[in-house]
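Heads up: the structure comes next, in structure tokens.
Per chain, numbering begins at 1; letters A, B, ... match sequence-line order. Hydrogens, waters and symmetry mates play no part in the numbers below; they use all other heavy atoms, side chains included.
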Protein chains: 2
Amino acid sequence: MTELDTRPLPRDLFHDPDCSEHAQPIRVGGKWTAVVLRCLEDGRPRRFTELRVPLHWITPKVLTETLRSMERNGFVSRTVHDENPPRVEYALTALGRSLLDPLDTACAWARAHTPEIADARESYDTDGGVVSRA
Amino acid sequence: MTELDTRPLPRDLFHDPDCSEHAQPIRVGGKWTAVVLRCLEDGRPRRFTELRVPLHWITPKVLTETLRSMERNGFVSRTVHDENPPRVEYALTALGRSLLDPLDTACAWARAHTPEIADARESYDTDGGVVSRA
DNA sequence: CTGTATCCCGAAAGATACTG
DNA sequence: CAGTATCTTTCGGGATACAG
């Protein structure tokens with residue numbers, strides 16, 4: 001590993017860390033991006049309010065920010081229906097669906113190693129840090 | 001998707017979002033965790049100062065926090081050599097190496113879709129948001 | 001050399017109220 | 001219904017100085 005780019009990561013930025021010019025941690029979005037992805041993965045478009053429910057009534061401000069960021073990155077589409085009352089529907093794009101793949105991989109890893117990590121933490125916490133001397 | 005856990009995510013927490021009890025964005029660590037992983041992926045143990053170089057002279061405080069978090073999760077081992085001056089070496093554990101797999105998947109995705117995302121952003125920014133009416 | 005101890009800052013997230 | 005407008009809080013991250 002040679003050179004790393006240390007510029008800060010905006011919330012809606014993603015990165016290819018293998019590319020030496022952008023060798024930063026990957027971040028596809030803010031705290032809620034992955035969860036929104038999950039909410040939409042079945043392909044059915046959802047309305048704004050409809051999305052708030054599974055997100056534990058996330059505040060409209062934060063949901064808007066999340067959706068705008070995802071829209072700008074091309075992960076979701078936003079469709080405005082000219083009705084009264086207004087109806088707006090969000091759906092995953094092909095690019096958004098493609099994100100489910102790496103997400104699933106990460107989830108699988110987390111699921112598989114959860115116990116291992118819990119163990120590591122427990123011994124670290126009780127023993128006050130595992131020190132190996134040599 | 002039914003219930004989501006909305007508790008805030010500490011910096012050193014990871015999650016299995018398929019598990020309804022922990023349906024939060026995945027985060028294996030802070031800003032530098034993935035980069036440290038990359039620095040150690042060749043298997044050679046590195047010293048504290050040695051790690052700072054490829055991380056663009058990250059401040060000791062932040063590096064310490066990152067390494068402690070990774071150590072607690074069982075991603076890296078910390079070996080203290082009883083010498084003078086002191087020598088401490090960090091190396092990936094088996095668990096840490098296993099993290100390279102999902103990381104690579106994410107990197108591959110980022111690399112593959114970078115142009116697509118750049119395009120989406122450009123049209124979003126120039127057109128002031130893509131509005132589709134129906 | 002390998003860290004701590006403080007102080008500080010900005011971005012992101014949340015609370016609350018209001019609007020077309 | 002689908003957001004905006006403000007305000008406030010939280011916290012990760014950085015700068016600097018110092019210690020064992």
Side-chain angles (χ1 to χ4, degrees), chain A residues 4-13 24-25 27-36 45-53 55-72 76-91 128-129 131-134, chain B residues 4-13 24-25 27-36 45-53 55-71 76-91 129 131-134:
Chain A
L4 293 182
D5 181 355
T6 56
R7 287 172 299 185
L9 281 177
R11 73 182 294 287
D12 63 343
L13 202 57
Q24 279 281 346
R27 190 158 181 218
V28 272
K31 183 176 176 181
W32 297 102
T33 301
V35 194
V36 170
R46 305 278 155 91
R47 309 175 60 163
F48 190 85
T49 307
E50 205 172 354
L51 281 173
R52 292 189 63 194
V53 180
L55 300 180
H56 269 207
W57 300 102
I58 177 179
T59 63
K61 180 203 159 211
V62 175
L63 180 55
T64 300
E65 285 171 356
T66 304
L67 289 171
R68 288 289 180 279
S69 141
M70 295 179 74
E71 199 192 343
R72 191 171 101 96
V76 298
S77 63
R78 179 171 179 271
T79 306
V80 179
H81 299 262
D82 243 335
E83 307 173 357
N84 195 311
R87 184 160 60 100
V88 178
E89 285 186 322
Y90 295 89
V131 192
S132 91
R133 300 194 167 274
Chain B
L4 292 183
D5 181 355
T6 55
R7 287 173 300 184
L9 281 176
R11 72 182 294 287
D12 63 343
L13 203 58
Q24 278 282 347
R27 195 166 175 210
V28 273
K31 182 177 176 179
W32 297 102
T33 301
V35 194
V36 170
R46 305 276 156 92
R47 309 176 60 165
F48 190 85
T49 307
E50 205 172 354
L51 280 173
R52 293 189 63 195
V53 180
L55 301 180
H56 270 209
W57 300 103
I58 178 179
T59 63
K61 179 204 161 210
V62 175
L63 180 54
T64 300
E65 286 170 356
T66 304
L67 289 171
R68 288 290 179 278
S69 141
M70 295 179 74
E71 198 192 342
V76 297
S77 63
R78 178 171 180 270
T79 305
V80 179
H81 299 262
D82 243 335
E83 306 173 359
N84 197 312
R87 184 162 61 101
V88 179
E89 286 187 322
Y90 296 90
V131 191
S132 93
R133 301 195 167 273

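- Contact between the side-chain N/O atoms of B:T64 and the OP1/OP2 oxygens of C:dG3 is not found at any separation under 4.0 Å.
- Two residues, A:P60 and A:E65, neighbour DNA chain C, and the one matched to the more 5' nucleotide by heavy-atom proximity is A:E65.
- Comparing B:P86 and A:T49, the nucleotide of DNA chain D nearest to each residue sits closer to the 5' end for A:T49.
- For the pair B:L67 CG and C:dC1 P, the interatomic distance rounds to 16 Å; values are reported in whole Å.
- Per the geometry, CD1 belonging to B:I58 stands 14 Å off C1' belonging to C:dT2, to the nearest Å.
- Atom-to-atom, CD of A:E89 to P of D:dG3 comes out at 12 Å; the value is rounded to the nearest Å.
- With hydrogens and angles disregarded, a donor-acceptor distance shorter than 3.5 Å links the side chain of B:T66 to the backbone of B:V62.
- Residue A:R68 places at least one side-chain N or O closer than 4.0 Å to OP1 or OP2 of D:dG3.
- Residue A:H81 contributes atom NE2, which lies 16 Å from atom C1' of D:dG3 at whole-angstrom precision.
- Between atom CG of residue A:L67 and atom OH of residue A:Y90 there is a gap of 5.0 Å, rounded to the nearest 0.5 Å.
- Comparing A:K61 and A:Y90, the nucleotide of DNA chain D nearest to each residue sits closer to the 5' end for A:Y90.
- The side chain of B:W32 contributes an N or O atom lying less than 4.0 Å from OP1 or OP2 of D:dG14.
- The distance from atom CG of A:L63 to atom C1' of D:dT4 is 13 Å, rounded to the nearest whole Å.
- Put simply, NE2 on A:H56 is 18 Å from P on C:dA13, counting in whole angstrom units.
- We find that CZ of B:R46 is positioned 18 Å from C1' of C:dC1, with the value rounded to whole Å.
- Distance CH2/B:W57 to OG1/B:T49: 7.0 Å, rounded to 0.5 Å.
- Of the side-chain N and O atoms in B:T59, none sit less than 4.0 angstrom from OP1 or OP2 of D:dT16.
- For the pair B:R47 and C:dT2, the criterion of a side-chain N or O lying under 4.0 Å from OP1 or OP2 is met.
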Side chain to side chain contact (heavy atoms under 4.5 Å, CB included), that's the test. Do B:V76 and B:R78 meet it? Break it down for me. CA-CA 7 Å; B:V76 297; B:R78 178 171 180 270; over 6 Å; no
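- A:P60 meets the side chain to side chain contact (heavy atoms under 4.5 Å, CB included) test with A:F48, A:R52; sequence neighbours excluded.
- Across the protein-nucleic acid pair, A:E71 atom CD and D:dA2 atom C1' stand 13 Å apart, rounded to whole Å.
- For D:dG14, the OP1/OP2 oxygens have no side-chain nitrogen or oxygen of B:R52 closer than 4.0 Å.
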